[in-house]
Asker: 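Take this structure, written in C-alpha cells, and hold onto it; I'll ask about it next.
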Protein chains: 2
Amino acid sequence: MLKISKKADYALMALQHIAAAQFGDMMPGRVVNTKEIAEEYNIPLELLAKVLQTLAKNALIESHNGPKGGYVLARRAHQITIAQILESIEGPLGITDCSHEKDGEFCMQREHCNIRTPLLKVQDSIAQLLNNMTLQDMMGGTPLITIQSPTAQGVER
Amino acid sequence: MLKISKKADYALMALQHIAAAQFGDMMPGRVVNTKEIAEEYNIPLELLAKVLQTLAKNALIESHNGPKGGYVLARRAHQITIAQILESIEGPLGITDCSHEKDGEFCMQREHCNIRTPLLKVQDSIAQLLNNMTLQDMMGGTPLITIQSPTAQGVER
DNA sequence: TGTTAGTCCGACCTTATTGATCGGAGATCA
DNA sequence: TGATCTCCGATCAATAAGGTCGGACTAACA
Ligand code: FES
Ligand code: FES
C-alpha cells in the first residue's frame, strides 16, 4: 500500500553511498562504480546499473566511463531532494492515475467524481514532504561525517 | 509513483456516496446497493462488489442481504479515517516492502541499510496525515449538511 | 600506438501485482 | 412456498515491476 518500487529504493541507497564516499572520505571527488555498491548492499548488479543509468540521464549524477570510471554526484547533497530522486525513477508523483489528465482524456468518473479535490490535497501534502527532505537530511542529519553507528542513533532533527 | 490502487479509489468514492445518501437524504438509515453506485460513477459492477465485500469484512460498512438490500455505513462519517479505508483494501501501509519485517525474515540489505530510518520517518508522516483525515473531511469540509440534490437526482431510476 | 580490460548503455525476457470477471450461496419480500 | 434480488468466494486476463542479456564506448597500460 503506497509502496515505492524497489528500484527507487536502490536509487536512494546508491545515492546515499555515493554522497558518503564523496564527502566522507578524504578524497573529495572520489569516483564509485556500480560493482562496489552492488556488493556492499547485495543488490543485483545489472539492475542497479540500470537504475544508475536513469539517474545519470536525469542529471542527478555524472557518469565517467572507462577503467577506474564510475559515478559522481552532480550536485551537493543538500541540493538533491528525495522527490527528485523518486520522480527520476518512477515518473511524476501521482497519488491516483487521473492526477495528471493527459491531453483531454479524463477518466470515466471525472464528471461525478467526489473525491478528486481532497485527494489532490493529500497528494500536495506528500509532495511537499518529499520536496522538503534532501539527500543530506537522509544521511543521519550530520552533514559531512559518515554515519556507521551500530546503536540505533536517533535521526531526530 | 506512490499511486494508490484503483480499487482503493473506488472504495473512497463508494463510501463517500453511501455517507452522502445516509445523512444527506431525509431517510437517515437509507440502504444503498452496489448497482446504484456502479452506474453513478461508471465503475465495473462486479469489481465494485468485491471492493464493498472487503469493506464489509473489515467492519467499515454493514451489508443487508436480500431484495431491497445493500450497504449502510457502520460508523459515523467522522469516525472513519482515510487510513482505515485504504488499509482495508490494500493491506497495511508500508512505504517499502521491508517496513514490516515478517517473522524474522529481513531483507538482504538490512545489515548495511542506510535509508531505513529516514524512510520510516517519511512513512510515519504519511500515516499521520491519512489518519487525521476522516471521511467527513473529504465530503467538502462542511460537516453533515451540504449534501443537496445533485446526487439524489442522479440516483432516480 | 595498438591492445586490452573495465565501464556504461540500450533492448529483451520473466515474474508478481492489479484489474476485471464468472457462477454459486444466502436471505428477504410477495 | 416461490421467486427474485442481494452478497459472496474462486477464477482468469492485463499491466507493470523486477531481473537479465549482450553490445558500444572510454581510458589506461604496454
Ligand atoms: S477518479 Fe478521476 S477525477 Fe476522480
Ligand atoms: S531496504 Fe530493508 S532495511 Fe533498508
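Values below: every heavy atom of this structure, side chains too, minus hydrogens, waters and symmetry copies. We name chains A, B, ... by the order of the sequence lines, and we start the count at 1 in each one.
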Asker: Restricting to side-chain hydrogen bond (donor to acceptor under 3.5 Å, both in side chains), what partner residues turn up for A/S88, sequence neighbours left out?
Answerer: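 For A/S88, no residue satisfies side-chain hydrogen bond (donor to acceptor under 3.5 Å, both in side chains) once neighbours in sequence are set aside.
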Asker: Give me each pair satisfying ring pair (Phe, Tyr, Trp, His ring centres under 6.0 Å) with a member in residues 40-71 of chain A, each pair once, sequence neighbours excluded.
Answerer: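 Every ring pair (Phe, Tyr, Trp, His ring centres under 6.0 Å) pair that includes a residue of residues 40-71 of chain A, provided the two are not neighbours, is A/H17-A/Y41.
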Asker: Counting only side-chain nitrogens and oxygens, does A/S63 get under 4.0 Å of the OP1 or OP2 atom of C/dT7?
Answerer: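 For C/dT7, neither OP1 nor OP2 has a side-chain N or O of A/S63 closer than 4.0 Å.
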Asker: What pairs with A/T96 under side-chain hydrogen bond (donor to acceptor under 3.5 Å, both in side chains), at least two apart in sequence or on another chain?
Answerer: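 Listed in chain order: B/D9.
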Asker: Closest approach of A/A8 and A/L86, non-hydrogen atoms and distance?
Answerer: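 The pair with the smallest heavy-atom distance is CB-CD2, 3.7 Å.
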Asker: Could you give the start and end, 5' to 3', of the contact zone on DNA chain D for chain B, using atoms under 4.0 Å from its heavy atoms?
Answerer: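 Under 4.0 Å from chain B, the extent on DNA chain D is D/dT4 to D/dA10.
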Asker: Give me, pair by pair, the N or O atoms of the protein and of nucleotides 15-19 of chain C that are less than 3.5 Å apart, along with how far apart they are.
Answerer:
{"residue": "C/dG19", "atom": "OP1", "partner": "B/K6", "partner atom": "N", "Å": "2.6"}

Asker: Go through A/D124 and A/K121 one step at a time and tell me if the side-chain contact (heavy atoms from CB on, under 4.5 Å) criterion holds.
Answerer: CA-CA 5 Å; A/D124 257 24; A/K121 235 166 71 179; 5.6 Å; no
Asker: A/K6: which residues meet the side-chain contact (heavy atoms from CB on, under 4.5 Å) condition with it, sequence neighbours left out?
Answerer: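 For A/K6, the residues satisfying side-chain contact (heavy atoms from CB on, under 4.5 Å) (neighbours in sequence not counted) are A/Y10, B/D97.
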Asker: Run A/I126 and A/L130 through side-chain contact (heavy atoms from CB on, under 4.5 Å) and show every step you take.
Answerer: CA-CA 6 Å; A/I126 295 180; A/L130 295 179; 4.2 Å; yes
Asker: Mind calculating the distance between CG (A/N33) and P (C/dC8) to the nearest angstrom?
Answerer: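 These atoms are roughly 6 Å apart.
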Asker: Kindly state which residues belonging to residues 51-60 of chain A come within less than 4.0 angstrom of DNA chain C, counting heavy atoms of the residue only, listed by number.
Answerer: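 Hits under 4.0 Å, by residue number: A/Q53, A/K57.
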Asker: What contact category does A/K35 fall into here, base, sugar-phosphate, or nothing, at under 4.0 angstrom with non-hydrogen atoms?
Answerer: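 The answer is nothing, as A/K35 stays clear of every strand by at least 4.0 Å.
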Asker: Run the side-chain contact (heavy atoms from CB on, under 4.5 Å) test on A/S63 and A/N65 for me, step by step, so that the C-alpha distance in whole Å, both residues' side-chain angles and the decisive distance to 0.1 Å come before the verdict.
Answerer: CA-CA 6 Å; A/S63 71; A/N65 217 334; over 6 Å; no
Asker: With sequence neighbours left out, write down each residue that passes side-chain hydrogen bond (donor to acceptor under 3.5 Å, both in side chains) with B/Q123, or none if nothing qualifies.
Answerer: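 Testing B/Q123 for side-chain hydrogen bond (donor to acceptor under 3.5 Å, both in side chains), a comparison that skips the adjacent residues, returns B/S99.
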Asker: Sugar-phosphate means primed atoms, P, OP1 and OP2; the rest is base. With that split, encode nucleotides 22-30 of chain C 5' to 3' as B, S or - using protein heavy atoms under 4.0 Å.
Answerer: B---BBB--
Asker: If the condition is side-chain contact (heavy atoms from CB on, under 4.5 Å), which residues does A/Q79 pass it with, not counting sequence neighbours?
Answerer: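 Expected list: A/R75, A/R76.
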Asker: Quick one: side-chain contact (heavy atoms from CB on, under 4.5 Å) partners of A/Q84, sequence neighbours excluded?
Answerer: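 Testing A/Q84 for side-chain contact (heavy atoms from CB on, under 4.5 Å), a comparison that skips the adjacent residues, returns A/L60, A/I80, A/T81.
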Asker: What pair of heavy atoms forms the shortest contact from A/L129 to B/S125, and how long is it?
Answerer: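 In terms of heavy atoms, the two residues are closest at CD2-CB, 3.7 Å.
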Asker: side-chain contact (heavy atoms from CB on, under 4.5 Å) with A/T54: which residues, sequence neighbours excluded?
Answerer: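 Checked A/T54 against side-chain contact (heavy atoms from CB on, under 4.5 Å); matches are A/N58, A/I89.
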